[in-house]
Number of protein chains: 2
Amino acid sequence: MPNSFTPQVAGDLNYLKSLNRSTILSTVRRSPGLSRADIALQTGLTKATVGSVVQALSEGGWLREGELHSRGGGRPGRALYLDGDRHYMLGAEVGVKGLRLVACNLVGEILASLHQEVSPTTPEATATRLAELLVQLRQDPALGGRSCLGLGVSVPGPVSPRAPILRLAPNLGWTDIDFLALLREQPDLPGGVWLLDNEANAAAFGEFYFFDGVPPESIAYISADIGIGCGVVSGEHFPVVPRGYQGLVGEIGHTVIQPGGAFCHCGNRGCAETLVSGWALREALNVEPEASLSAAVQARADEEAVQALIQRAGEALGLLMLNLHHTLNPSMLILGGSLMRLEARLIEPALAYFHDHQNDLLRKSQSVPIKIIEDSTFTAARGAAAQVMARAAIEV
Amino acid sequence: MPNSFTPQVAGDLNYLKSLNRSTILSTVRRSPGLSRADIALQTGLTKATVGSVVQALSEGGWLREGELHSRGGGRPGRALYLDGDRHYMLGAEVGVKGLRLVACNLVGEILASLHQEVSPTTPEATATRLAELLVQLRQDPALGGRSCLGLGVSVPGPVSPRAPILRLAPNLGWTDIDFLALLREQPDLPGGVWLLDNEANAAAFGEFYFFDGVPPESIAYISADIGIGCGVVSGEHFPVVPRGYQGLVGEIGHTVIQPGGAFCHCGNRGCAETLVSGWALREALNVEPEASLSAAVQARADEEAVQALIQRAGEALGLLMLNLHHTLNPSMLILGGSLMRLEARLIEPALAYFHDHQNDLLRKSQSVPIKIIEDSTFTAARGAAAQVMARAAIEV
DNA sequence: CAACTTAGTTAACAGTTTTTACTAATCAGC
DNA sequence: GCTGATTAGTAAAAACTGTTAACTAAGTTG
């Protein structure tokens, strides 16, 4: 059964080696502390192969040896971990409200970060500013002695699945921008893998790749911000983000859940975004773009109309979660984005709606775990960095 | 980039060989008539490798040589085709209205078929009856001299992604049925690959795998029958059907598109199925289960209420297609199922809604091709057979 | 402290694709 | 009709992969 590491066309011995190296790396990523013997058992490879691959990966700065741990009799195994001290990846989010940058290591720890809360203007000016910030970030002493694997950039709109091109960013007014090409014209940027992806996809990838705990089978990450997007990830050793033919997978903010409802900026009516999204709530509450939405809601929390508005938004979010479940059926739902700052006011009605409207199909199954990310400031940037690591790992 | 043929864990030389054999087979399936040199060019393998693999595949009854075709100067290449004369696959659909069986060859041609239009009763009795029909089908002289690669069975409900178990078939009243195990108790059945899958998934796979013409990048097959289901397929050489954590991918009939709308048999309200589905229309029109829905609609075509009902159903279908597009974004939509017998009455409003409610994201792209299958009697059965072939091809 | 058990390494091995050289078959031009 | 150029396909040697089998290393247990 092929997955996301099957070669584009056919495989040679190089591909085979790369495949097994990546599988071993991923096995350690998902279960830190395994010994060579454990890895051989889990992957089906022989001890000999695992031994030689682990040696190569250690020399390359990907793995490090840890403590011994004995299990009953016999020689104790040497624990293996991803080496967090020798490489790092850069991740950046070009968001509607500003630029956010991180540098993180192989275990997903953020070593250094920057953010500038000023809305981007033109693509060119944004690329210039981002390049400056990247140079600044790379001078952070926390990165000393490490080598850079590459750069991932996330953007607020669908990216073409066949080329790293931003197709449309409605909230920036950008269309068909080859942002990486603009960035490449800037000085002093690192080499390595360069990637561009949608914000929700990048965030979803990062939450899946660097999942803290027993990794889920698949996730859907709902990004509730100015607009509503969604990224999906699945795949044990080689996580795959389905993008669809035009990069529109997960554009759930523009699924219609109220036919004939309010007009949406997309040109349609009754989209989910007209009920639950940063722009819809700001519009309904007359909140200026610079002001804080959550603060405005907090301030007017006594007004019944405001309560009803947020309640309806939460229910719409719950309905979206249900529909998503019947269409993509992930094993875990993750909610993130700045709308999470509305906290229980929004989240409780969403969860209540989700649980109260389960149908027979869902009731038969165990309930879907839902994880909420309160602060997703660097989620997308870190996710973009994670994508760089995943790509670099198969290109070692 | 891995896909659906990446091994479960890691790969050895056997896996590599199997991968390349499958890739070559798939290359010929997608472009019949290629020469060994063409294949080498397309796959990146060397002529030597392609030559030896093609020889093995020819001896195994998978490929046959065709005519010579010269392109300009030089020795002409020998055209290669899938061999339709030496193997066949069995496919069966356990449907709400009866059993349908096909035997088809490697190019997707139906060599023999059977159908029995009697609703299944118990799983045991159905397995017995299906086994009898399979024995009868295999005696068809059109299958003479061929060997059987295996059997695929499609069922009207979600199948667990981790085991071939039918989880729930609401319209049959079946729950958690290991149908293949029941079938295995029957005498005189073939060996080889045995598979169980959801009806919409099987149909989608078949339409993708045996696509007539230039193969699309991905498809969503909407099965509009008693209920509404949907199967998704993508992947060039190794088509993948996403199933989700509980096999609920594509259960779009139970996405809510009218909050607070009519009650659905699933226990929820406002599901798409309450507006467009065989059961909803039959209920609204008081059509007996044995009678023909399309005939009833035809007979009462003058009534305004009937026209409005079908119009609303078509619009709901169009809305489902739009939402699907914003969630899964396939490169082609295929509509099938018995509801297609309502023809223009249903299809025209669906297409009109779909085209009239495109938003900016979609308008930027070229429009999605939509293919309509008027007669999908054997679509799911043939699709199940296609899945057998795909599996057998990687296990050769 | 000897026997046992498990972890990890080493060298010979089997099997894969590639490389290189070759043969086969057709076309173009004289 | 022949020669040379060109492309298709094959054969044997080479390079590289993971496996096998034997070994060493390092603990625990009696």
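Below, read A as the first sequence line, B as the second, and so on, with proteins coming before strands; counting in each chain starts at 1.
- Here salt bridge (charged side-chain N to carboxylate O under 4.0 Å, His left out) pairs that include residues 38-54 of chain B, with residues two or more places apart or in two chains, are D38(B)-R71(B).
- Atom-to-atom, NZ of K47(A) to P of dC23(D) comes out at 14 Å; the value is rounded to the nearest Å.
- In this structure, I24(B) atom CD1 and dG9(D) atom C1' are separated by 14 Å, rounded to whole Å.
- Closest non-hydrogen pair, V232(A) versus A204(A), comes out as N-CB, 4.3 Å.
- Rounded to whole Å, atom C1' of dA8(D) lies 15 Å from atom CD of E67(B).
- Partners of L63(A) according to the side-chain contact (heavy atoms from CB on, under 4.5 Å) rule, which considers only residues two or more places apart in sequence or in another chain, are L25(A), V28(A), V54(A), L57(A), S58(A), L82(A).
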Short N/O separations, protein against nucleotides 24-28 of chain C, under 3.5 angstrom:
residue	atom	partner	partner atom	Å
dA24(C)	N3	R75(B)	NH1	3.3
dA25(C)	N3	R75(B)	N	3.3
dT26(C)	O2	G74(B)	N	3.4

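- Every side-chain contact (heavy atoms from CB on, under 4.5 Å) that N14(A) has, sequence neighbours left out, goes to D12(A).
- Taking a 4.0 Å limit (strictly below) on heavy-atom distances, residues 29-40 of chain A reaches DNA chain C at S35(A), R36(A), A37(A).
- Residue pairs meeting the ring-ring contact (aromatic ring centres under 6.0 Å, His included) criterion with at least one member in residues 23-76 of chain B, sequence neighbours excluded: W62(B)-H87(B).
- Contacts classified as salt bridge (charged side-chain N to carboxylate O under 4.0 Å, His left out) and involving residues 21-37 of chain B (residues at least two apart or in different chains) are given here: R30(B)-E236(B), R36(B)-E65(B).
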Check: residues 208-220 of chain B side-chain donor-acceptor pairs under 3.5 Å, at least two apart:
residue	atom	partner	partner atom	Å
S218(B)	OG	S331(B)	N	3.1

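- Counting only residues at least two apart or in different chains, ring-ring contact (aromatic ring centres under 6.0 Å, His included) contacts with residues 18-50 of chain A are absent.
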Taking only nitrogen or oxygen atoms into account, show me every contact under 3.5 Å that the protein makes with nucleotides 17-19 of chain D, one pair per line with its distance.
residue	atom	partner	partner atom	Å
dG18(D)	OP1	N20(A)	ND2	3.1
dT19(D)	OP2	T46(A)	N	3.1
dT19(D)	OP2	T46(A)	OG1	3.1
dT19(D)	OP2	T49(A)	OG1	3.0

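- Evaluation of the side-chain contact (heavy atoms from CB on, under 4.5 Å) rule for T46(B) yields A48(B), T49(B) as partners, not counting sequence neighbours.
- In this structure A384(B) satisfies the side-chain contact (heavy atoms from CB on, under 4.5 Å) test together with A202(B), sequence neighbours excluded.
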